[in-house]
Participant: 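Attaching a single structure in C-alpha cells format; questions to follow.
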Amino acid sequence: MLGRRKTVRARRGRRYLLWTMVGALLVAGGLGGVAVWQNTYDLREERVVLRHHGHRLEGVLARPPAGDGPFGLVVFVHGDGPVDATHDTFYRPLWEAFARAGYASLSFSKPGVAGSEGDWLGQSMDDRAGETLAAVAWARGRPGIDGRRIGLWGASQAGWVLPKVAAKDPRIRFVIAVSPAVNWLRQGRYNLLAELHRDGAGKRRVQEAMRRRETTVRLLRRGATYAEYRAAVGDPDGVTPARWRFISANYTSDAVADLRAMRGTPVLLVLAGHDVNVDVTETQAVYREVLPASTLSVQHYPDATHSLVDHATERSSLRLTATAVLAPRKLYAAGFLDRQTRFLREADASGADAPTSPGR
C-alpha cells in the first residue's frame, strides 16, 4: 500500500477545494437554506469518550431519532489517513440509513485527530483492531444498545482490521467491508500501476516508478531506517519519518488468515468499478475462496470510485461540490445506502432464526 500516500494527498486536496468552493456556490445561488436542510440528518448525535491504553478517544454515538432502544449498533473502522469521527460529515448519510433499520452508529476520531489523543501513524493493524475491540466492549455496556446486535463497518485499510476484530470476538453480528484490500504489498503495486495508467504515464515513467518501488520494498524487508530510505530513493514523495515507521510496521499485512478465522460471520463485501486503490478482482476472489457462500454477500457498483462516490461526480470538482452541499446523500453510488440498510435487516432476520450458541 505504498502508493496510498498520493491518494491521501489527493483526497485532502479535493476536500480543500470542496469547502473553498462552498461559500461561493451558496452566495451565488442563494441556496443556503437548501444546504442547511439537506445537511440536517434524522439522528440524535451524542459526543462520547473512550479511554484506551491511557489515551482519550473522542467520538460520536448517532442513534435513531426516537425511542430508547435497545438499538443494534454499527461500529465504524476508518481507512487510511487522519480521519475524524464523522469523516468530515461523509459518514452521516450512512448513519441516517442505518438508523432507518433501527441501528445506532459509533465512530471515534483516530488518535491525534479532532481531540483524540495519541498518533494514528504509531499504530499497527493489531493496534487498530485492539482499539476497535475496546469500542465494542464499551458499547456493550451502554444503556440502549443491544449487545447481541453489534457489527462492524469499515473501508479500505479497514480491510486488515475488520477480520481481526471479528476473529477475536465471535459475538460480532456482521461485517460490512467497503473496498477492502487483502495483501498490503500486492495492493500497493496495484495502486501504483493503476494511478500511473490513469495519469497516462509513459513506459519510462512506469519503469522508474517500479524501480523505486522495488528498492523501497527491499529496504522495508531489511528493516532500513528512514535515513537509509531517503538516501536510496532521493525524493521521499510525501513519506515522512512517521509515515515510514507506519509503513514499516504494517507492510506485511495480509487479511487471509483472519478471514479464515471469522468464517461464521455474515459479510457484505462492497466493491467499486472505478477503484484505483484496491484490486477488486483479487479481493473478490480471495473472499469467495476463503468465506462460505452462505455467509458472504457481494455487491458491485460499476460506476463508483474507491470511496463509493459516483465516478462522474468525483471527476468534476464543481459537480462534487454542488452534490456535497445540496444533496450529500447522492454523493454515494445509486443504491449503496439502501443495500446496506437491507443487509442489516437481513442480518437481524437471520439472527432471530438462528439458535444461540455458546459465546455468541
Side-chain angles (χ1 to χ4, degrees), residues 1-5 7-8 11 74-81 83 87 90-91 94 107-108 110 120-121 123-133 135-136 151-169 172 174-192 194 246-247 249-263 265-291 295-301 304-309 336 339-340 343:
M1 208 163 182
L2 304 175
R4 281 287 292 144
R5 61 184 180 273
T7 303
V8 170
R11 187 173 63 219
V74 182
V75 177
F76 277 63
V77 182
H78 309 305
D80 196 12
V83 185
H87 204 333
F90 192 64
Y91 287 156
L94 280 160
S107 178
F108 287 95
K110 280 190 175 184
W120 66 272
L121 281 171
Q123 292 186 307
S124 67
M125 295 302 109
D126 284 330
D127 293 333
R128 296 200 61 200
E131 189 176 275
T132 305
L133 286 163
V136 170
L152 308 174
W153 184 101
S156 193
Q157 191 182 94
W160 291 297
V161 181
L162 301 170
K164 289 181 182 295
V165 177
K168 292 178 179 178
D169 186 345
I172 292 296
F174 57 82
V175 168
I176 300 175
V178 179
S179 306
V182 173
N183 179 279
W184 185 291
L185 287 179
R186 291 199 303 271
Q187 151 68 19
R189 185 178 189 277
Y190 170 85
N191 176 218
L192 176 60
F246 179 76
I247 295 170
N250 292 295
Y251 79 96
T252 58
S253 296
D254 188 290
V256 172
D258 293 315
L259 284 169
R260 288 198 178 103
M262 53 163 278
R263 286 171 57 86
T265 306
V267 175
L268 174 62
L269 175 62
V270 181
L271 302 172
H274 292 272
D275 197 331
V276 299
N277 299 86
V278 168
D279 184 348
V280 297
T281 300
E282 180 195 39
T283 293
Q284 179 175 201
V286 170
Y287 272 65
R288 288 196 183 278
E289 178 184 354
V290 172
L291 298 178
T295 66
L296 176 64
S297 302
V298 181
Q299 192 70 32
H300 292 269
Y301 294 90
T305 63
H306 179 67
S307 57
L308 270 295
V309 171
F336 173 68
R339 178 64 188 93
Q340 292 185 81
F343 176 76

Participant: From the options D127, D80, V83, select the one residue that forms a side-chain contact (heavy atoms from CB on, under 4.5 Å) with W120.
Facilitator: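 Only one option passes, and that is D80.
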
Participant: So, for A167 and A261, which heavy atoms are closest and what is the spacing to 0.1 Å?
Facilitator: CB-CB, 3.6 Å

Participant: How far does CH2 of W184 sit from CE of M125, to the nearest 0.5 angstrom?
Facilitator: 5.0 Å

Participant: If you compare all heavy atoms of M262 against all heavy atoms of P163, which two are closest, and at what distance to 0.1 Å?
Facilitator: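 Closest heavy-atom pair between M262 and P163: SD-CA, 3.5 Å.
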
Participant: Please name all residues satisfying ring pair (Phe, Tyr, Trp, His ring centres under 6.0 Å) with F336, sequence neighbours left out, ordered by chain then number.
Facilitator: Y301, Y332

Participant: Take N277 and Q187 through the side chain to side chain contact (heavy atoms under 4.5 Å, CB included) test and state the conclusion after the steps.
Facilitator: CA-CA 7 Å; N277 299 86; Q187 151 68 19; 4.3 Å; yes

Participant: Between NZ of K110 and CD of Q123, what distance do you get to the nearest 0.5 Å?
Facilitator: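 Spacing of NZ (K110) from CD (Q123) equals 7.5 Å.
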
Participant: Is W160 close to D258 at the side-chain level, that is, under 4.5 Å between some pair of heavy atoms?
Facilitator: no

Participant: What heavy-atom pair brings L152 and A166 nearest, and what distance separates the two atoms?
Facilitator: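 Closest pair (atom of L152, atom of A166, distance): CD1-N, 4.4 Å.
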
Participant: Can a donor-acceptor pair be found, under 3.5 Å and without considering hydrogens, that links the side chain of H78 to the backbone of F108?
Facilitator: yes

Participant: State the CD-CG distance between Q284 and L296, to the nearest 0.5 angstrom.
Facilitator: 8.5 Å

Participant: First locate atom OH of Y287, then atom CG of L271, and finally report the distance between them rounded to the nearest 0.5 Å.
Facilitator: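 Y287 atom OH to L271 atom CG measures 9.0 Å (nearest 0.5 Å).
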
Participant: Between S156 and H306, what is the shortest heavy-atom contact and its length?
Facilitator: OG-NE2, 2.8 Å

Participant: Only one of V270, T283, V280, L162 clears side-chain contact (heavy atoms from CB on, under 4.5 Å) with P180; which?
Facilitator: T283

Participant: Can you name the side-chain hydrogen bond (donor to acceptor under 3.5 Å, both in side chains) partners of S307, sequence neighbours left out?
Facilitator: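 Per chain and number, S307 pairs via side-chain hydrogen bond (donor to acceptor under 3.5 Å, both in side chains) with T305, E314.
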
Participant: What distance do K168 atom NZ and T132 atom OG1 have between them, rounded to the nearest 0.5 Å?
Facilitator: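 Between atom NZ of K168 and atom OG1 of T132 there are 10.5 Å.
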
Participant: For residues V178 and Q340, report the shortest heavy-atom separation together with the two atoms involved.
Facilitator: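 In terms of heavy atoms, the two residues are closest at CG2-OE1, 4.4 Å.
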
Participant: How long is the span from the CG atom in D279 to the CG atom in N191, to the nearest 0.5 Å?
Facilitator: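 Taking CG in D279 and CG in N191, the distance rounds to 11.0 Å.
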
Participant: D254: what forms a side chain to side chain contact (heavy atoms under 4.5 Å, CB included) with it, not counting sequence neighbours?
Facilitator: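 Applying side chain to side chain contact (heavy atoms under 4.5 Å, CB included) to D254 gives V182, N183, R186, V256.
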
Participant: Between N250 (side chain) and F246 (backbone), is there a donor-acceptor pair under 3.5 Å?
Facilitator: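 Judged by distance alone, yes, a pair lies under 3.5 Å.
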
Participant: Between S179 and L308, what is the shortest heavy-atom contact and its length?
Facilitator: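 Minimum heavy-atom separation between S179 and L308: OG-CD2, 3.5 Å.
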
Participant: Does K164 use its side chain to pair, donor to acceptor, with the backbone of D126 at less than 3.5 Å?
Facilitator: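 Not a single qualifying donor-acceptor pair exists.
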
